[in-house]
Amino acid sequence: MNMKKVLFLFWACLTCGLSYATQPSVFPILGGELSNSAATSVEDIDEVIPRMKTLGLNTVLVPAYWEFIEPSEGKYDFTLVDRVIDRARESDLKIVFLWFGAWKNSMSCYAPLWFKEDTRRFPRACTAEGKPLEIASCFSEEVFQADNRAFEALVKHIVEMGSDVVTMIQVENEIGMLEAARDHSALADAAYKRGVPQELLSYLKKNQKVLHPWLAARLQRDRLTAQTISWKELFGDDIFTDEIFMAYYYATYVGRLCQTARRYTQMPLYVNAAMNSRGRQPGQYPSAGPLAHLIDLWHAGAPQLEMLAPDIYDTGFKGWAAQYALANNRLFIPESRCCENSGVRALYAFGEHQALGFSPFAIDQATPQQAASVTQAYALLRQLFLLHPQQTWGLLFDQEDKERIIRDGENVLTCRHFFTLPWDPRATDGSTWPEGGAFLMRLAKNEYLLAGSGVVVSFATAYEKALEEERVLGEDGFVAQGQGSQDVRSASPSFKGKRLGIGFVDQVTVAADGTLQFVRRDNGDQDHQGRHARISCGEWKVLHVKLYEY
């Protein structure tokens, strides 16, 4: 199935009610990526792949190592690849293979030794001072041909042996330049002096109205009609132009690998990116990788790619996810820090952005608490994907980012971290708050489903919300002593509109046919006498909320 159709159908699954369970080729990736060395022996593979099934994953992201696949030039060994496929098939798991080819985290550390040793045939990238780096130069045709032959052999083998198991391929891993914004080797300098290729100029002309704002702001549009133009003339004279130059050539290299793969399969292909975080400059982070601000360079050079995917390890998860959840780029998070917050982050990504998938890194090394977070969230998500929502949102809160107000027509949903409630001592005893998050969906008018951990949601009409007063609640959940008006008769102006009340809050599960199965009712103390729906930190629930107007 064409990936664009896959993405459309999965979107339909979340927004129009198509159950992915009835579409075997269309399912979200409830994933986990193995640590780098976890698949370097058959013994490790035999242990780790079945264990991933017990964690609740449906897909495992597994490295395919060039140095093991081609230990001697031209002689291929797929023992490890086959073992992964066999164990995944036995465990009813899908596999995304990660091609650790010419580059892994910028470096050429997984290239075979015969490749590493022959620097004359396979030259390295260099800094401006001439320092060679442990990074193969993407400007070398010899480098490309060696990488491409091994990648071609891998793709052919996957198509022959594992087409029922392998769902996607990641092409290289976290490509990017370090120590310098661009390669300054002789081959790279020659390419730089030739100026901007006509293919890129044509792309920029055609797409100039929809370019990423960062690139659009740098582009000298009046120079796009020039027959020849330098990189500096088109983009400016600074380190970011070096990054733009390098990004285009990394992308064209990857695009050629994709063309090779396309001779054998229409399987989705993607690239992952190490983030440009913490105020670092190009070369301090992996410069020129498939970063959000460089998306147009990557689309121009490698149009066969389905996605540019962020590896999110830094704080500010929501901000990083939003950079990649674009109209021309479906959000897929192949790596995220594996921690006790992983579960709620997954719920947020699927609820807010209809993500294609989520995958904590090194999940094979996770602590029981970290793994439990993922297992609990994935168990909820498997149920949610069976439903027919009219609209979905994602919630994600921490100690600083505590509240989100959602306006859904005439309904206003005030969503907060659970510790904003006054009665949990962890809210005020100096404890670091765990993240709270949820997948929120509207099933029908005045009917919602809330699934997650560590959140509280209250409901009001737009009119009621506009008149709402700030009140400080005491430990019993009522107005604290001495707060607010002394005379309740004059506490508010005349009320002339309608209010939203909670008809019921039910804990439910979702059956295989998509029907809601009653577990228990949370009215009374559990919904604070009709004031909110809540899920405590540490609990994982699905709540069915039915509202009424009065």
Side-chain angles (χ1 to χ4, degrees), residues 318 340-341 343-344 347-348 373 376 393-408 411-440 448-493 495 499-507 520-547 550:
K318 290 194 289 189
E340 293 182 39
N341 296 320
V344 292
L347 289 163
Y348 172 80
S373 163
Q376 296 272 27
W393 301 269
L395 306 178
L396 188 61
F397 303 117
D398 59 24
Q399 211 148 356
E400 303 301 321
D401 182 7
K402 305 174 186 178
E403 178 181 283
R404 179 182 181 184
I405 294 176
I406 295 172
R407 299 187 182 277
D408 182 29
N411 294 353
V412 181
L413 286 62
T414 301
C415 312
R416 297 188 176 102
H417 193 289
F418 178 76
F419 282 173
T420 59
L421 293 175
W423 49 75
D424 193 309
R426 294 172 294 175
T428 56
D429 68 2
S431 300
T432 298
W433 292 10
E435 291 181 10
F439 189 130
L440 173 65
Y448 297 89
L449 212 69
L450 177 69
S453 178
V455 295
V456 56
V457 181
S458 60
F459 305 87
T461 62
Y463 174 83
E464 179 182 3
K465 185 68 175 177
L467 297 180
E468 185 180 81
E469 288 186 335
E470 286 293 328
R471 296 187 178 187
V472 179
L473 299 183
E475 62 181 6
D476 58 359
F478 298 104
V479 176
Q481 183 177 2
Q483 298 291 333
S485 173
Q486 295 298 313
D487 186 348
V488 297
R489 293 172 299 177
S490 59
S492 301
F495 197 97
R499 300 186 68 189
L500 272 184
I502 292 179
F504 59 77
V505 178
D506 286 348
Q507 292 182 38
R520 65 179 56 88
R521 182 145 290 182
D522 272 2
N523 285 10
D525 288 346
Q526 280 64 49
D527 73 348
H528 195 28
Q529 288 70 48
R531 292 177 176 86
H532 59 231
R534 71 177 189 261
I535 307 173
S536 302
C537 291
E539 293 187 308
W540 298 82
K541 297 178 181 178
V542 181
L543 300 182
H544 178 210
V545 182
K546 190 71 171 70
L547 307 176
Y550 65 98

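Residue numbers count from 1 along this sequence.
Contact annotation: the side chain of S536 never approaches that of K541 to less than 4.5 Å [non-hydrogen atoms, C-beta and beyond]. Contact of the L421 side chain with the R534 side chain is registered, since non-hydrogen atoms from C-beta on lie closer than 4.5 Å. Looking at heavy atoms from C-beta onward, L395 lies in side-chain contact with V457 at the 4.5 angstrom threshold. Contact check for K402 versus R416: no side-chain heavy atoms found under the 4.5 Å cut-off. Using a 4.5 Å heavy-atom threshold, the side chains of F495 and E464 count as touching. Taking the side chain as every heavy atom from C-beta outward, E340 and P434 never approach each other to under 4.5 Å. In this structure, I502 and L547 have side chains that are in contact, with non-hydrogen atoms separated by less than 4.5 Å. Considering only heavy atoms from C-beta on, F439 stays 4.5 Å or farther from V542 through its side chain.
Under the 30°/60° scheme for interplanar angles, the aromatic rings of W433 and F419 are found to stand perpendicular. The aromatic rings of W423 and H528 sit perpendicular, their planes meeting at an angle over 60°, well past the 30° parallel limit.
A donor-acceptor pair under 3.5 Å is formed between the side chain of N523 and the backbone N or O of V505.
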Stepwise side-chain contact (heavy atoms from CB on, under 4.5 Å) check, V344 with W540: CA-CA 10 Å; V344 292; W540 298 82; 3.8 Å; yes
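With ring centers used as reference points, F397 lies 6.0 Å or more from F418.
Residue L450 holds its CG atom at 4.0 Å from CD1 of I535, rounded to the nearest 0.5 Å. Atoms CG and NZ, from L500 and K465 in turn, are 12.0 Å apart once rounded to the nearest 0.5 Å. Separation of atoms CG (L347) and CG (L396) is listed at 9.5 Å; rounding is to 0.5 Å. A distance of 9.0 Å separates CG in D506 from CG in L543, rounded to the nearest 0.5 Å. Atom CG of L413 sits about 7.5 Å away from atom OG of S458, to the nearest 0.5 Å. With values rounded to the nearest 0.5 angstrom, Q376 atom CD is found 8.5 Å from S453 atom OG.
Taking each heavy atom of A533 and V545 in turn, the nearest pair found is CB-CG2, 3.9 Å. Counting all heavy atoms, side chain and backbone alike, V455 lies closest to A438 at CG2-CB, 4.0 Å. Closest of all the heavy-atom pairs between E435 and D398 is CG-CB, 4.1 Å.
Relative to the ring axis of F504, R521 places its NZ or CZ within 45° and under 6.0 Å from the centre.
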